[in-house]
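To start, the structure under review is shown below, and the notes come after it.
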Number of protein chains: 2
Amino acid sequence: MLKKLDPLLHSELRLAIMSLLISVEKAEFTFIKEKTEATAGNLSVQVTKLENAEYINVEKGYKGKIPQTICAITKKGIEAFEKYVEDLKDYLKL
Amino acid sequence: MLKKLDPLLHSELRLAIMSLLISVEKAEFTFIKEKTEATAGNLSVQVTKLENAEYINVEKGYKGKIPQTICAITKKGIEAFEKYVEDLKDYLKL
DNA sequence: TTAATTTGGTTTATAATATAAACTAGTTTA
DNA sequence: TAAACTAGTTTATATTATAAACCAAATTAA
């Protein structure tokens with residue numbers, strides 16, 4: 001039987017964010033924005049959702065005088081991502 | 001760069017329908033309903049969307065006196081599914 | 001025989017989600 | 001010092017998913 005997919009990850013932008021962070025571990029908000037081609041608003045909303053789920057943690061600091069938000073994937077986030085991949089494989093026949 | 005995912009397929013229930021039809025080629029509405037554990041209403045809506053996209057075709061007939069809806073995947077549907085799988089692989093690091 | 005129940009759905013209303021527009025706060029440039 | 005830019009957040013709107021309500025015919029039960 002097909003497993004219920006984690007709704008937090010079954011979203012194109014959130015999945016893209018997680019996919020990126022799986023590779024690089026941590027990244028600036030602006031970097032993620034460029035890579036995903038998302039609007040800042042949309043990205044901000046989705047980052048907050050992932051943060052609330054503790055799939056990523058978010059640190060707000062400064063790079064010189066300019067605000068800088070750094071996102072990093074958590075252990076919980078990695079596990080959720082890996083489970084999502086396994087669950088999806090059944091749908092995709094992989 | 002990550003590709004935009006086909007929004008018609010990036011839906012848990014529609015993906016489950018397509019995944020099932022990829023395996024069996026054609027199936028009754030009621031069979032799909034049992035397998036996916038969807039409500040009839042939800043299934044009806046999603047089947048119609050897939051039909052409108054020509055990813056499946058739907059034949060309404062009778063099994064004896066009882067109405068019977070048969071869904072079958074189309075060539076276009078198979079191709080869309082396969083492309084979706086390939087596109088998703090990049091997100092999933094497969 | 002007619003009144004409930006079941007089967008096989010569709011339509012429609014509502015809840016959830018995604019997205020973009022508008023806004024805030026501070027910085028740099030002209 | 002005012003315009004424009006950077007780095008975001010908040011909020012309003014559009015889209016989507018889902019469930020509830022409904023319909024028609026068949027079956028079963030009284």
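Letters A, B, ... mirror the listed sequences (proteins, then strands); counts begin at 1.
- No more than 12 heavy atoms of other residues, nucleotides or ligands sit less than 6.0 Å from atom NZ of B:K26.
- A straight line from CG of A:N52 to P of C:dA16 spans 17 Å, rounded to a whole angstrom.
- One finds no salt bridge joining A:E86 and A:K83 here, because no Lys/Arg side-chain nitrogen approaches an Asp/Glu carboxylate oxygen to under 4.0 Å.
- Salt bridge present: A:E28 and A:K63 bring a charged side-chain N and a carboxylate O closer than 4.0 Å.
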For nucleotides 10-21 of chain D, just jot down a letter per nucleotide in 5' to 3' order: B, S or -, based on protein non-hydrogen atoms under 4.0 Å.
-> BB-----SBBB-
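- Within 6.0 Å of the CD atom in B:E25, the count of heavy atoms belonging to other residues, nucleotides or ligands does not exceed 12.
- B:V85 and A:L2 fall within the same hydrophobic cluster, where Ile, Leu, Val, Met, Phe, Trp and Tyr residues are linked whenever their side-chain heavy atoms come under 4.5 Å apart, directly or through other members.
- Note: CZ (A:F31) to C1' (D:dT6) measures 18 Å, nearest angstrom.
- Rounded to whole Å, atom C1' of C:dT17 lies 11 Å from atom CG of A:L8.
- Distance CG (A:L43) to P (D:dT9): 9 Å, rounded to an integer number of Å.
- Between B:I66 atom CD1 and D:dT28 atom C1' there is a gap of 13 Å when expressed in whole angstrom units.
- Considering only side-chain N and O atoms, B:K33 lies nowhere under 4.0 angstrom from the phosphate OP1 or OP2 of C:dT7.
- Within 6.0 Å of NZ on A:K4 lie more than 12 heavy atoms contributed by other residues, nucleotides or ligands.
- Following rounding to the nearest Å, B:E34 (CD) and C:dG9 (C1') show an atom-to-atom distance of 14 Å.
- Nucleotide C:dG26 holds its C1' atom 16 Å from the CD atom of A:Q68, rounded to whole Å.
- A straight line from CD1 of A:I32 to P of D:dA7 spans 13 Å, rounded to a whole angstrom.
- OP1 and OP2 of C:dT7 both lie 4.0 Å or more from every side-chain N or O belonging to B:K63.
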